[in-house]
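Working notes for the structure below.
This is a predicted model, so every value here is computed, not measured. Below, chains carry the letters A, B, ... as their sequence lines are ordered, and counting in each starts from 1.
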Amino acid sequence: MLRRINYFSKLKSDLKNFNSLSFKDEKLELLKSKKKNIKKEYYNNIAKLTNKPCKLSLFYSIFSKDNEEINNLKNSYKVEKANIQNDLDEYKKSFEYHKQRNLKFRSIKDLLRGFNSFFFAFLIVALLVWIIVYIFATGSGKLTLDKIFGNYKTETYSLKTENNFALSDNLDFSDLDLSSPNVSKKWGVEFKLLSVNDKSYVAISKVSENSPFNYLVNINNDEAFDRGFEGLYISSMSVMDSNNYLNIIVGQTTVENFITELDKGVEIVDSTFLGEGGGFRGSLLNTLALIGLSLVFAFPLGVGAAIYLGVYAKETKVTSIIRSLIDMISGVPSIIFGLAGALIFIPVASLIPGTNGGNLLSGALTMTMILLPTIVKTVEESIKVIPKSLTQASLALGASKTETVFKVVLPNSLPGILTSLLLSIGRIIGESAALVFAMGTTIAEYANMNGSNATLAVHIWVILGGDHPAYDNACAIAIIIIIIVLILTLLIKLIAFKMNKFKVR
Amino acid sequence: MNNENNKDEVVFDVKNVNLFYDNGAKQALKDINMKIYKNKVTAFIGPSGCGKSTLLRCFDRMNELVDNSYRDGIITYNGEDIKDINSIYLRTRVGMVFQQPNPFPMSIKDNIFYGPRCQGVKDKKILNEILDESLKGAALYDEVKDILNKSALGLSGGQQQRLCIARTLAMSPDVILMDEPTSALDPIATLKIEELINELKKKYTIIIVTHNMQQAARISDYTAFFMLGELVEFNKTEEFFSHPQDKRSEDYITGRFG
Ligand SMILES: Nc1ncnc2c1ncn2[C@@H]1O[C@H](COP(=O)(O)OP(=O)(O)OP(=O)(O)O)[C@@H](O)[C@H]1O
Ligand SMILES: [Mg+2]
């Protein structure tokens with residue numbers, strides 16, 4: 001009897017507690033669960049009262065034995081149930097009201113939030129577009145194929161006609177358009193205007209097969225000139241006429257004037273041909289070489305370390321220390337790596353015979369140090385998200401751990417591997433601070449291992465330094481860099497898409 | 001507990017097995033003794049966390065991959081201590097099907113070929129033979145025969161689970177371990193798998209963990225009931241469900257807990 005009273009007072013206090021609950025969904029949940037539990041509790045209580053286990057079969061026998069008591073209990077249970085049902089209905093009503101009232105506020109809030117995120121996204125995109133448009137506008141004027149594949153150094157050639165030269169009158173120049181005003185009918189050369197740094201110079205566009213210009217020699221050592229006149233312009237030319245008067249013609253004139261003056265002469269005593277220079281070919285090739293060499297070192301090391309950390313290593317103090325070290329290293333500014341590279345790797349790189357100072361190798365080793373943390377982290381993360389069930393399935397099918405790594409883990413972490421590849425290439429192309437020390441700032445004409453070499457980014461750094469920063473040339477290089485990155489990104493996305501075809505449904 | 005005059009052939013004999021996790025801080029199996037009989041379905045039942053999966057994983061030594069765990073006692077496979085059997089070889093004899101369907105993100109074909117290829121089978125003819133046989137064995141052949149080169153992830157959950165069974169059959173194992181293979185499936189897919197198990201037991205020995213007692217009663221020949229890491233009762237399924245010997249088994253069957 002006492003127990004029963006306890007039971008009801010407990011129910012009542014529960015109800016009180018319930019009413020004092022804050023207005024939230026938990027109230028609804030509680031009500032629902034209570035409604036379920038009340039029946040269970042009721043059975044259990046009978047079981048307690050009769051000191052017998054409450055099996056369903058047993059229950060009926062007890063039921064008949066203790067009819068009156070149980071009927072009372074049943075009635076009060078009904079009352080409680082009705083009360084709770086009442087509460088529940090009331091709650092639901094007021095909840096509906098709250099729901100509808102809330103709707104307005106929420107839609108306003110959502111609008112604000114939506115606007116916020118849209119606005120910032122727009123701002124960022126606008127900023128990026130502005131930068132890119134600016135770079136393209138400034139640099140595209142300078143970006144010609146000659147620039148991309150041209151020499152950096154200004155070329156100078158001093159040429160004259162061969163010794164004992166005598167100009168003959170009846171040479172056959174029929175391979176030129178002799179009616180054109182741009183052709184010297186005496187020398188068999190077609191000229192054109194070439195604009196260099198906003199000034200225009202006379203330059204040679206075509207030389208006839210029989211022209212004496214084919215036999216010009218170097219003024220200093222009488223060696224034949226076989227470079228060809230492509231990309232060269234005439235700075236000045238000293239011509240001897242038939243009366244042995246010397247006439248100096250400057251190249252900065254019109255083609256007609258130049259030809260008139262030239263045709264008076266019978267021998268070229270001295271001439272200065274200049275090549276424009278300022279091309280990026282060397283830096284471009286060096287950048288590509290550095291990308292290749294750095295990836296050859298960094299990639300196997302990085303992916304290997306990631307596999308070790310992600311698959312083989314047990315979680316111990318040592319591995320957690322390694323991980324935090326990797327995190328730390330990726331935050332170190334690259335100029336410090338440049339310093340370390342200069343101190344450690346330049347001596348190593350100098351072991352190659354015929355080199356001294358920083359070169360492609362020391363640059364690549366330094367870049368490897370910079371790239372490793374990113375590669376390890378990105379690849380390890382993508383290994384970690386591979387469902388364990390896949391590796392377990394592989395092992396359960398009798399594959400060894402190595403087979404599992406190569407057949408399940410690596411293919412499935414391909415997105416991460418490709419991402420790290422992309423990040424690495426971007427980092428190599430963009431790195432300048434470290435390479436200034438570790439690889440050098442000499443702008444070369446071709447990729448080489450011999451010594452100091454600039455990459456495209458260092459090239460920008462070099463031409464922006466000094467008294468006359470060449471912003472337009474720098475922007476032209478920036479365009480090349482952007483285009484390389486774009487092409488690589490698309491390429492890697494394409495590969496990822498191709499290899500991912502079993503993942504997409 | 002065991003029928004001593006049982007004439008069935010013993011595949012696995014488990015003797016005094018204790019298993020500890022977390023460097024011994026947690027004992028998951030307590031002195032387990034039981035026998036698994038050839039070409040029979042043995043069902044493991046019991047409340048959640050009682051060690052069913054743990055014991056199941058002992059049979060193909062997959063539990064050794066769990067860090068900081070160790071086991072004592074002896075488990076023999078056809079009379080030989082499994083510790084003396086190369087684990088990779090053991091896993092080709094004892095296949096495993098997991099709770100969640102876990103096909104590889106490859107084509108259906110490559111899923112089946114995965115195991116045989118790891119064993120060095122390269123001959124196209126043999127591989128295709130294996131493909132047909134295992135897909136038919138898993139009652140999946142008709143459904144996928146035209147899409148063998150499509151991604152396995154494009155199949156329904158039930159088909160994926162049968163593919164996982166087919167993948168296991170491709171190893172031509174001796175024993176198949178199944179850890180709640182139907183718990184992620186709808187009733188129709190479940191029924192298909194149950195029918196399949198009834199077929200498979202003609203050729204394979206099957207151990208299946210299940211939470212569904214009707215399922216255990218429907219498909220198994222022997223039933224083992226676990227509680228808190230102990231093997232409470234192990235008996236022929238009809239015996240177990242009609243005359244439970246232990247009070248705890250009776251309570252569990254009648255739904256008092258769990
Ligand atoms: N890797 C692990 N590390 C530590 N403890 C574990 C590990 N795996 C399982 N356990 C513990 O061992 C006990 C038995 O686990 P097990 O997975 O075998 O239970 P189960 O009977 O399969 O349960 P369920 O029916 O929920 O699958 C559990 O108490 C669990 O907490
Ligand atoms: Mg389990």
Side-chain angles (χ1 to χ4, degrees), chain A residues 40 43-44 47 52-60 309-320 382-383 385-417 496-505, chain B residues 56-57 59-62 64-68 86-120 149-155 163-164 167-171 173 176-177 179 247 250-251 254-256:
Chain A
K40 219 176 183 178
Y43 287 151
N44 284 342
K52 278 181 188 159
C54 184
K55 267 190 181 174
L56 217 60
S57 51
L58 286 176
F59 173 67
Y60 289 108
L309 283 177
V311 181
Y312 289 98
K314 285 185 178 177
E315 288 300 318
T316 60
K317 276 228 170 85
V318 180
T319 53
S320 75
S382 70
I383 286 177
V385 298
I386 297 172
K388 235 185 169 164
S389 61
L390 286 187
T391 46
Q392 294 238 322
S394 168
L395 291 171
L397 282 170
S400 67
K401 205 149 186 179
T402 320
E403 281 166 336
T404 306
V405 165
F406 279 92
K407 290 184 165 185
V408 174
V409 175
L410 277 184
N412 282 295
S413 56
L414 205 74
I417 293 177
F497 177 76
K498 280 261 157 86
M499 301 204 115
N500 240 7
K501 65 176 181 231
F502 287 122
K503 276 202 164 163
V504 250
R505 274 191 151 214
Chain B
L56 195 74
R57 284 198 302 267
F59 290 122
D60 63 349
R61 292 181 62 180
M62 287 289 280
E64 293 168 17
L65 301 171
V66 178
D67 287 345
N68 305 327
N86 180 311
S87 66
I88 289 177
Y89 175 71
L90 182 70
R91 284 172 202 153
T92 65
R93 310 293 306 134
V94 183
M96 190 161 200
V97 177
F98 297 80
Q99 182 170 6
Q100 293 287 339
N102 55 355
F104 299 119
M106 310 169 179
S107 67
I108 293 171
K109 220 177 188 171
D110 287 337
N111 262 281
I112 304 283
F113 290 167
Y114 188 90
R117 274 187 182 147
C118 282
Q119 300 309 315
N149 287 317
K150 292 261 167 64
S151 169
L153 300 184
L155 298 175
L163 179 65
C164 292
R167 186 173 69 179
T168 309
L169 297 186
M171 298 301 297
I176 303 175
L177 311 174
D179 195 347
K247 180 80 175 55
E250 188 184 350
D251 287 349
T254 50
R256 278 291 316 274

A:E403 to B:C118 - nearest heavy-atom pair and separation: OE2-O, 3.2 Å
Considering only heavy atoms, which portion of A:K401 lies under 4.5 Å from any heavy atom of chain B: side chain, backbone, both, or neither? neither
Please determine whether the number of non-hydrogen atoms from other residues, nucleotides or ligands lying under 6.0 Å from atom OH of A:Y312 exceeds 12. yes
Between the main-chain N or O of A:L390 and the side-chain N or O of B:N102, is there a donor-acceptor pair closer than 3.5 Å? no
Where does B:P173 contact chain A at under 4.5 Å (heavy atoms): side chain, backbone, both or neither? neither
Out of the candidates A:N412, A:I386, A:V408, only one should pair with B:P105 under the side chain to side chain contact (heavy atoms under 4.5 Å, CB included) rule; please name it. A:N412
Heavy-atom side-chain contact between B:M171 and A:L397 under 4.5 Å: yes
Considering non-hydrogen atoms only, spot the tightest contact between B:D60 and A:A396 and give its length. OD2-CB, 4.5 Å
Please classify the contact of B:R167 with chain A as side chain, backbone, both or neither, using a heavy-atom distance under 4.5 Å. both
Test item: A:Q392 and B:M96 side chains (from C-beta on) under 4.5 Å apart, heavy atoms: no
Note, B:F104 side chain near A:S394 side chain (heavy atom, < 4.5 Å): yes
Check whether B:Q99 gets within reach of chain A through its side chain, its backbone, both or neither, counting any heavy atom under 4.5 Å. neither
What pair of heavy atoms forms the shortest contact from B:L65 to A:L395, and how long is it? CD1-CD1, 3.4 Å
Sequence neighbours excluded, which residues qualify as salt bridge (charged side-chain N to carboxylate O under 4.0 Å, His left out) partners of B:R57? none
Per-residue contact mode, B:R61 against chain A (heavy atom under 4.5 angstrom): neither
